[in-house]
Amino acid sequence: AQSVTQPDIHITVSEGASLELRCNYSYGATPYLFWYVQSPGQGLQLLLKYFSGDTLVQGIKGFEAEFKRSQSSFNLRKPSVHWSDAAEYFCAVGHNNAGNMLTFGGGTRLMVKP
Amino acid sequence: IAGITQAPTSQILAAGRRMTLRCTQDMRHNAMYWYRQDLGLGLRLIHYSNTAGTTGKGEVPDGYSVSRANTDDFPLTLASAVPSQTSVYFCASSDGEGSYNEQFFGPGTRLTVL
(Lines give C-alpha, C1' and ligand atoms only; values in the text may rest on other atoms or scores of the structure.)
Protein backbone atom coordinates (compact mmCIF):
# COMPACT_ATOMS: atom_id res chain seq x y z
CA ALA A 1 0.00 0.00 0.00
CA GLN A 2 1.09 3.53 -0.70
CA SER A 3 2.16 5.69 2.21
CA VAL A 4 3.76 9.04 2.90
CA THR A 5 5.75 9.84 6.02
CA GLN A 6 6.64 13.28 7.24
CA PRO A 7 8.91 12.56 10.22
CA ASP A 8 8.80 16.06 11.70
CA ILE A 9 5.47 17.08 13.22
CA HIS A 10 6.73 20.53 14.24
CA ILE A 11 9.71 22.58 13.08
CA THR A 12 10.76 26.00 14.30
CA VAL A 13 13.26 28.09 12.38
CA SER A 14 14.43 31.67 12.65
CA GLU A 15 13.46 34.13 9.98
CA GLY A 16 16.14 34.21 7.31
CA ALA A 17 17.38 30.72 8.10
CA SER A 18 17.25 27.86 5.62
CA LEU A 19 14.54 25.22 5.76
CA GLU A 20 14.25 21.56 4.84
CA LEU A 21 11.07 19.58 5.40
CA ARG A 22 11.39 15.84 5.02
CA CYS A 23 9.08 13.54 3.10
CA ASN A 24 9.47 9.81 2.47
CA TYR A 25 7.06 7.79 0.39
CA SER A 26 6.29 4.20 -0.36
CA TYR A 27 4.92 3.52 -3.82
CA GLY A 28 5.38 0.68 -6.27
CA ALA A 29 5.72 2.69 -9.48
CA THR A 30 7.19 6.04 -10.44
CA PRO A 31 5.29 8.40 -8.18
CA TYR A 32 3.62 11.70 -8.81
CA LEU A 33 4.76 13.81 -5.86
CA PHE A 34 3.34 17.02 -4.49
CA TRP A 35 3.89 19.55 -1.75
CA TYR A 36 0.92 21.57 -0.50
CA VAL A 37 0.83 24.40 2.04
CA GLN A 38 -2.06 25.19 4.36
CA SER A 39 -2.20 28.56 6.07
CA PRO A 40 -4.27 28.78 9.25
CA GLY A 41 -7.99 28.47 8.54
CA GLN A 42 -7.41 28.01 4.83
CA GLY A 43 -7.56 25.24 2.29
CA LEU A 44 -4.49 23.68 0.72
CA GLN A 45 -2.46 25.38 -1.99
CA LEU A 46 -0.09 23.58 -4.33
CA LEU A 47 3.57 24.60 -3.90
CA LEU A 48 5.14 22.29 -6.47
CA LYS A 49 4.92 18.88 -8.09
CA TYR A 50 7.15 16.24 -9.64
CA PHE A 51 6.12 13.86 -12.40
CA SER A 52 9.27 13.08 -14.34
CA GLY A 53 12.43 14.64 -15.73
CA ASP A 54 14.63 16.97 -13.72
CA THR A 55 14.65 15.74 -10.15
CA LEU A 56 14.97 19.27 -8.74
CA VAL A 57 11.69 21.11 -9.12
CA GLN A 58 10.98 24.75 -8.47
CA GLY A 59 7.74 25.95 -6.97
CA ILE A 60 6.00 29.09 -5.87
CA LYS A 61 7.10 31.33 -3.00
CA GLY A 62 10.77 30.40 -3.47
CA PHE A 63 10.36 26.73 -2.55
CA GLU A 64 12.07 23.82 -4.27
CA ALA A 65 12.07 20.07 -3.77
CA GLU A 66 14.35 17.26 -4.86
CA PHE A 67 13.19 13.79 -5.83
CA LYS A 68 15.64 11.08 -4.78
CA ARG A 69 14.47 7.70 -5.97
CA SER A 70 17.20 5.80 -4.13
CA GLN A 71 16.03 7.29 -0.83
CA SER A 72 12.31 7.38 -1.65
CA SER A 73 12.38 10.99 -0.59
CA PHE A 74 10.99 14.30 -1.81
CA ASN A 75 12.26 16.90 0.63
CA LEU A 76 11.10 20.51 0.47
CA ARG A 77 13.64 23.31 0.83
CA LYS A 78 13.81 27.06 1.00
CA PRO A 79 17.09 28.98 1.36
CA SER A 80 15.71 31.84 3.47
CA VAL A 81 12.45 31.58 5.41
CA HIS A 82 10.07 34.50 5.81
CA TRP A 83 7.62 34.97 8.67
CA SER A 84 4.78 34.51 6.20
CA ASP A 85 5.95 30.94 5.55
CA ALA A 86 4.57 29.84 8.92
CA ALA A 87 1.96 27.24 7.98
CA GLU A 88 1.38 23.52 7.76
CA TYR A 89 3.03 21.64 4.91
CA PHE A 90 1.79 18.41 3.40
CA CYS A 91 3.60 16.02 1.12
CA ALA A 92 1.43 13.81 -1.07
CA VAL A 93 1.83 11.00 -3.59
CA GLY A 94 -0.60 10.61 -6.46
CA HIS A 95 -2.01 7.34 -7.73
CA ASN A 96 -3.37 6.58 -11.15
CA ASN A 97 -6.22 4.53 -9.84
CA ALA A 98 -9.90 5.15 -10.37
CA GLY A 99 -10.06 7.78 -7.67
CA ASN A 100 -7.05 9.78 -8.76
CA MET A 101 -6.24 9.51 -5.11
CA LEU A 102 -3.69 11.60 -3.32
CA THR A 103 -2.19 9.99 -0.25
CA PHE A 104 -1.07 12.67 2.17
CA GLY A 105 1.53 12.64 4.88
CA GLY A 106 0.54 13.73 8.37
CA GLY A 107 1.88 17.23 7.84
CA THR A 108 4.66 19.36 9.31
CA ARG A 109 3.79 22.54 11.13
CA LEU A 110 6.37 25.26 10.54
CA MET A 111 6.82 28.06 13.03
CA VAL A 112 9.07 31.02 12.26
CA LYS A 113 10.83 32.94 15.01
CA PRO A 114 11.52 36.65 14.45
CA ILE B 1 -13.62 35.19 -8.03
CA ALA B 2 -13.26 31.70 -9.45
CA GLY B 3 -12.79 28.88 -7.02
CA ILE B 4 -14.49 26.52 -4.63
CA THR B 5 -16.98 27.50 -1.98
CA GLN B 6 -18.05 25.34 0.92
CA ALA B 7 -20.93 25.75 3.34
CA PRO B 8 -21.33 25.91 6.21
CA THR B 9 -18.02 27.20 7.53
CA SER B 10 -18.54 25.33 10.76
CA GLN B 11 -21.29 23.30 12.38
CA ILE B 12 -22.00 21.61 15.68
CA LEU B 13 -24.26 18.64 15.24
CA ALA B 14 -25.94 16.19 17.59
CA ALA B 15 -25.12 12.53 17.04
CA GLY B 16 -27.71 10.76 14.93
CA ARG B 17 -28.64 13.86 12.94
CA ARG B 18 -28.42 14.09 9.20
CA MET B 19 -26.11 16.71 7.71
CA THR B 20 -25.21 17.80 4.20
CA LEU B 21 -22.02 19.71 3.49
CA ARG B 22 -22.21 21.76 0.36
CA CYS B 23 -19.50 22.33 -2.23
CA THR B 24 -19.68 24.39 -5.39
CA GLN B 25 -16.99 25.16 -7.94
CA ASP B 26 -17.12 27.60 -10.82
CA MET B 27 -14.03 26.45 -12.70
CA ARG B 28 -15.93 23.87 -14.80
CA HIS B 29 -13.64 21.16 -13.49
CA ASN B 30 -14.70 17.62 -14.28
CA ALA B 31 -13.33 15.93 -11.17
CA MET B 32 -14.31 16.68 -7.57
CA TYR B 33 -13.27 15.21 -4.25
CA TRP B 34 -14.15 15.19 -0.57
CA TYR B 35 -11.41 14.81 2.04
CA ARG B 36 -11.42 14.82 5.80
CA GLN B 37 -8.50 16.22 7.74
CA ASP B 38 -7.61 14.84 11.14
CA LEU B 39 -4.64 15.81 13.26
CA GLY B 40 -1.56 13.78 12.42
CA LEU B 41 -3.29 11.91 9.61
CA GLY B 42 -3.16 14.50 6.86
CA LEU B 43 -6.09 14.43 4.45
CA ARG B 44 -7.93 11.24 3.55
CA LEU B 45 -10.18 10.84 0.53
CA ILE B 46 -13.83 10.08 1.34
CA HIS B 47 -15.50 10.08 -2.08
CA TYR B 48 -14.71 11.37 -5.52
CA SER B 49 -16.42 12.09 -8.82
CA ASN B 50 -14.59 12.03 -12.14
CA THR B 51 -17.48 13.62 -14.02
CA ALA B 52 -21.09 14.65 -13.51
CA GLY B 53 -23.28 11.61 -12.95
CA THR B 54 -20.52 9.36 -11.58
CA THR B 55 -19.12 8.89 -8.10
CA GLY B 56 -16.68 6.53 -6.41
CA LYS B 57 -15.44 5.55 -2.99
CA GLY B 58 -12.19 6.78 -1.57
CA GLU B 59 -10.15 5.60 1.36
CA VAL B 60 -12.70 6.28 4.15
CA PRO B 61 -16.22 6.23 2.63
CA ASP B 62 -18.21 4.57 5.42
CA GLY B 63 -20.95 6.76 6.87
CA TYR B 64 -20.84 9.22 3.97
CA SER B 65 -22.63 9.54 0.65
CA VAL B 66 -22.26 11.91 -2.29
CA SER B 67 -24.08 12.86 -5.45
CA ARG B 68 -23.01 14.68 -8.60
CA ALA B 69 -26.08 15.90 -10.42
CA ASN B 70 -24.17 18.57 -12.34
CA THR B 71 -20.61 19.77 -12.93
CA ASP B 72 -20.58 22.49 -10.30
CA ASP B 73 -22.02 20.87 -7.16
CA PHE B 74 -20.80 17.95 -5.09
CA PRO B 75 -22.63 17.67 -1.74
CA LEU B 76 -21.47 15.31 1.00
CA THR B 77 -24.12 13.79 3.26
CA LEU B 78 -23.76 12.22 6.67
CA ALA B 79 -26.95 10.20 7.06
CA SER B 80 -26.60 9.68 10.81
CA ALA B 81 -23.65 11.54 12.28
CA VAL B 82 -21.35 9.95 14.84
CA PRO B 83 -18.69 11.60 17.03
CA SER B 84 -15.88 9.98 15.01
CA GLN B 85 -16.98 12.11 12.08
CA THR B 86 -15.81 15.21 13.92
CA SER B 87 -13.26 16.61 11.52
CA VAL B 88 -12.46 19.35 9.04
CA TYR B 89 -13.86 18.55 5.62
CA PHE B 90 -12.31 19.83 2.41
CA CYS B 91 -13.81 19.78 -1.03
CA ALA B 92 -11.44 19.88 -4.01
CA SER B 93 -11.64 19.84 -7.78
CA SER B 94 -9.31 19.19 -10.68
CA ASP B 95 -9.46 19.77 -14.41
CA GLY B 96 -9.61 16.19 -15.63
CA GLU B 97 -8.85 12.77 -14.25
CA GLY B 98 -5.42 11.63 -13.28
CA SER B 99 -3.64 12.35 -10.05
CA TYR B 100 -1.11 14.47 -11.93
CA ASN B 101 -3.76 17.18 -12.25
CA GLU B 102 -3.52 19.89 -9.61
CA GLN B 103 -6.32 19.73 -7.11
CA PHE B 104 -7.79 23.04 -5.95
CA PHE B 105 -9.17 23.10 -2.43
CA GLY B 106 -12.02 24.94 -0.79
CA PRO B 107 -11.68 26.67 2.59
CA GLY B 108 -13.09 23.74 4.56
CA THR B 109 -16.01 22.98 6.88
CA ARG B 110 -15.28 22.33 10.53
CA LEU B 111 -17.79 19.77 11.82
CA THR B 112 -18.23 18.79 15.45
CA VAL B 113 -20.50 15.86 16.30
CA LEU B 114 -21.51 15.64 19.94
Side-chain angles (χ1 to χ4, degrees), chain A residues 1-10 21-53 57 59-60 67 87-109, chain B residues 1 3-7 9-10 21 23 25 27 29-51 54-61 66 68 74 87-110:
Chain A
Q2 300 83 4
S3 66
V4 178
T5 302
Q6 295 180 244
D8 305 303
I9 298 174
H10 298 280
L21 302 183
R22 295 183 291 165
C23 172
N24 294 99
Y25 67 90
S26 172
Y27 189 64
T30 299
Y32 302 139
L33 294 162
F34 305 82
W35 274 100
Y36 281 85
V37 60
Q38 184 182 29
S39 298
Q42 303 295 315
L44 277 69
Q45 180 185 21
L46 181 68
L47 281 176
L48 49 77
K49 58 188 177 185
Y50 170 79
F51 298 151
S52 64
V57 293
I60 62 171
F67 170 58
E88 188 145 22
Y89 293 80
F90 292 95
C91 181
V93 61
H95 317 266
N96 269 340
N97 58 16
N100 311 314
M101 188 183 299
L102 293 179
T103 296
F104 285 84
T108 298
R109 181 167 296 280
Chain B
I1 298 177
I4 298 179
T5 57
Q6 292 183 236
T9 302
S10 64
L21 307 185
C23 173
Q25 55 104 358
M27 297 176 283
H29 284 171
N30 287 325
M32 297 188 74
Y33 314 85
W34 274 105
Y35 292 89
R36 59 177 290 172
Q37 182 182 26
D38 301 291
L39 191 65
L41 297 178
L43 281 74
R44 293 178 293 168
L45 183 67
I46 304 171
H47 285 287
Y48 67 92
S49 169
N50 285 336
T51 189
T54 69
T55 63
K57 294 181 179 180
E59 183 183 359
V60 288
V66 291
R68 187 87 183 276
F74 191 44
S87 187
V88 182
Y89 291 86
F90 287 98
C91 181
S93 70
S94 65
D95 186 15
E97 300 177 33
S99 60
Y100 47 83
N101 289 294
E102 178 180 356
Q103 293 187 17
F104 294 83
F105 287 80
T109 293
R110 182 174 295 276

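All heavy atoms count here, side chains included; hydrogens, waters and symmetry mates do not. Predicted, not measured: the structure shown is a model, and the values here were computed from it. First the proteins, then the strands, lettered A, B, ... as listed; each starts at 1.
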Subject >> More than 12 heavy atoms of other groups within 6.0 Å of R110(B) CZ >> reply: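 Result for CZ/R110(B): open.
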Reported [atom1]-to-[atom2] distance for the pair [X] and [Y], which is rounded to 0.5 angstrom:
X: L48(A); Y: E102(B); atom1: CG; atom2: CD; result: 10.5 Å
X: L39(B); Y: E88(A); atom1: CG; atom2: CD; result: 7.5 Å
X: F104(A); Y: Q37(B); atom1: CZ; atom2: CD; result: 9.0 Å
X: L44(A); Y: Q103(B); atom1: CG; atom2: CD; result: 10.0 Å

Original post:
Can you tell which of G105(A), A92(A), G106(A) has the highest number of heavy-atom pairs within less than 4.5 Å of chain B?
Top reply: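 The answer is G106(A).
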**OP:** Take L43(B) and Y36(A), measure what side-chain contact (heavy atoms from CB on, under 4.5 Å) needs, and give me the verdict at the end.
**Re:** CA-CA 11 Å; L43(B) 281 74; Y36(A) 281 85; over 6 Å; no
Original post:
Which region of I9(A), side chain (C-beta onward) or backbone (N, CA, C, O), has a non-hydrogen atom less than 4.5 Å from a non-hydrogen atom of chain B, or is it both or neither?
Top reply: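 No part of I9(A) comes within 4.5 Å of chain B.
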**OP:** Please name all residues satisfying side chain to side chain donor-acceptor pair (under 3.5 Å) with T108(A), sequence neighbours left out, ordered by chain then number.
**Re:**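 Result, side chain to side chain donor-acceptor pair (under 3.5 Å) vs T108(A): Q6(A).
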Original post:
Under a 4.5 Å heavy-atom cut-off, does chain A meet the side chain of L41(B), its backbone, both or neither?
Top reply: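 Only the backbone of L41(B) comes within 4.5 Å of chain A.
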